[in-house]
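Input: one structure, supplied below.
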Amino acid sequence: MNIQKYCVLTAILLTMGACDKFLDRPPLDTITDQELSFSRTEMELYSNKYYGSFQTFNGYDLGIFELDNASDNMVSGDYNYNARLAGTVTVPSAGGGWDWTAIRGINFFLANYHITKEAPALVNPYIGEMYFWRAWYYFDMMKAFGDLPWYNQPLGTESEELYAERISRSIIADSILADLDKAITLLPAKGQAVQGRLHRDVASLFQSRVALYEGTWEKYHAGTPFGVQGGQPDRYFRKAVAALEGMIQSQTYQIGHAGASEEDYRQLFNQTDLANNPEVLLWRKYDRALDVYHFAQNYFGVSDKNTGLSKSLVESYLCTDGLPISLSLKYQGDHTIKDVVANRDPRLAQTMYTSGKPRVVISGDTVSKFTVPDMTLESRLRNTTGYQLYKGVDPAADHTAGDITASIIFRYAEALLNYAEAKAELGECDQTVLDQTVNQLRNRVEMPALTATVGFVDPNWDFPELSGLLNEIRRERRVELACEGYRFDDLMRWAATHLIQRPMLGAKMQQYEAIKNQFNPILDPSAIPTNNQGYIAPHWNSPARDGWQFDPEAHYLSPLPQRELTLNPALRQNPGYLQ
């Protein structure tokens with residue numbers, strides 16, 4: 001049974017006539033311990049509501065594949081898509097993400113579950129889930145606000161803890177990791193877990209994510225207003241490594257490679273059933289029989305929903321000789337999309353549409369192929385850069401009955417990349433580590449292996465002050481996880497101001513001017529803004545013309561809402577914002 005079936009089960013239980021008394025109860029996160037017996041079924045239903053926090057396809061959105069709009073990987077037509085990056089964020093009067101509702105409900109559960117009469121073996125998985133969920137929500141809050149109060153008990157309106165000051169983010173990170181230690185202990189192994197529910201490998205992977213984030217944050221923000229006094233980044237790197245060592249050594253998961261390097265990578269993201277996929281830890285299933293489906297494919301391959309891949313992302317892919325475009329003789333230039341993808345890492349052509357790729361396939365027959373990006377559609381649907389997203393597209397999806405393409409929530413590639421990066425930060429990433437991690441990803445697409453010595457110096461490395469090895473591991477992370485929602489967090493934790501402030505550009509416009517009659521409606525080249533070098537510049541007529549107005553003295557964190565500062569004088573505003 002999967003996540004969605006549990007949601008359906010919840011709905012059924014709430015509508016059955018035998019549940020009238022259940023319906024008379026207050027909401028689960030406000031009931032008292034006298035009203036809830038914490039039976040196995042009640043625990044299961046209580047935890048179900050938090051699964052909606054995972055980013056999956058929902059209605060007409062693009063799931064994870066639109067999250068990189070908040071990064072330098074994709075260029076939204078709205079320069080203010082992410083106010084922190086754009087530099088337009090203001091102090092809200094209320095809200096702004098400072099929301100403790102979920103954590104309050106979880107704390108109620110964790111403070112009261114001990115009254116259950118069920119055997120521990122039956123309820124431990126749900127207790128483990130609740131520790132995971134508290135870590136999940138606290139991590140989101142820490143990424144947004146940094147220092148936080150730590151609440152591990154349900155509070156009343158008069159509780160003194162509501163008026164406490166914030167404590168160091170490092171203590172919050174330690175508390176999150178401790179919650180995940182408990183989750184790992186209580187959750188079942190993947191093979192023993194109900195399909196679609198959390199298991200210990202998911203908690204371990206998430207723990208590595210948290211530890212790597214905090215370690216790099218403390219290292220690269222040291223000496224800034226966002227640094228941690230007495231920070232110990234290596235301690236977090238070791239925790240990230242420890243969280244993953246058992247998983248990697250066990251070889252429980254593997255990077256799938258069916259011998260088709262031109263399609264293996266992309267096909268991971270357009271399947272309907274991932275139950276037996278060797279690299280997927282957790283996913284969401286859709287089922288028309290349960291009336292559970294989405295309409296993402298109505299946009300995939302048909303339009304780009306006012307976004308497009310960035311020139312920066314496209315240029316980060318290596319050539320097939322393992323060299324960057326700045327050094328490789330195989331690079332054909334960027335005059336056309338055909339030139340751009342020639343002799344490049346196959347993941348590029350599996351992430352970006354190229355001429356002849358199918359858009360719509362019906363009963364095995366291709367009825368529509370890609371020719372040009374959809375730059376002439378209405379603004380809310382158009383492609384913005386001339387580089388159109390292909391990753392996530394399922395041309396054979398049924399656009400009329402609702403799509404059932406699965407959503408991946410956690411996959412093994414992240415574990416390999418987290419492990420390699422943490423080991424490199426510790427100075428312990430040798431060839432054995434690379435062969436266990438990065439080179440597993442490269443093998444899938446038959447790219448040359450990364451060596452511990454790297455073997456070249458890229459004049460265009462994003463981080464020239466760092467080792468070549470770290471630069472290449474970060475490049476691999478960007479390429480492998482492109483358009484899956486990781487990039488914003490990476491920019492934040494690496495303190496990558498110089499990348500954020502670069503102009504956001506797309507393809508060369510000249511290639512489209514020559515074929516303007518192929519567009520429907522016909523392309524008017526003068527309507528597409530370009531920079532002085534002829535590259536499409538979606539933000540040319542906005543304040544972000546020369547790059548986002550990101551302020552590194554403020555925008556690495558969000559501001560606390562004014563209402564909370566008024567209610568609790570012990571709180572202090574984040575750096576760069578007026579108190």
Any carboxylate oxygen within less than 4.0 angstrom of a Lys/Arg side-chain nitrogen, looking at Glu480 and Arg444? yes
Flag side-chain contact, heavy atom, 4.5 Å: Thr530 against Tyr535: no
Salt bridge or not between Asp345 and Arg475? Use side-chain N to carboxylate O under 4.0 Å. no
Do the ring planes of Tyr213 and Trp217 sit parallel (below 30°), tilted (30 to 60°) or perpendicular (above 60°)? parallel
What about Phe269 and Tyr265, are their ring centers closer than 6.0 Å? yes
Name the orientation class of the two ring planes belonging to Phe550 and Tyr556 (parallel below 30°, tilted from 30 to 60°, perpendicular beyond 60°). perpendicular
Would you confirm whether the ring centroid of Phe488 sits within less than 6.0 angstrom of the ring centroid of Tyr486? no
Please report whether the ring centroid of Trp494 lies less than 6.0 Å from that of Phe463. yes
Tell me if a side-chain donor or acceptor on Glu66 pairs with a main-chain N or O of Asp61 at a distance below 3.5 Å. no
Against Asn418, only a single residue in Gln207, Arg477, Arg209 fulfils side-chain hydrogen bond (donor to acceptor under 3.5 Å, both in side chains); can you say which? Arg477
Under 6.0 Å between the ring centres of Tyr60 and His294? no
For the residue pair Phe54 and Trp136, does the interplanar ring angle fall in the parallel (under 30°), tilted (30 to 60°) or perpendicular (over 60°) class? perpendicular
Would you say the side-chain atoms of Arg344 pair up with the backbone N or O of Val340, donor to acceptor, closer than 3.5 Å? yes
So, for Tyr387 and Tyr353, is the gap between ring centers shorter than 6.0 Å? no
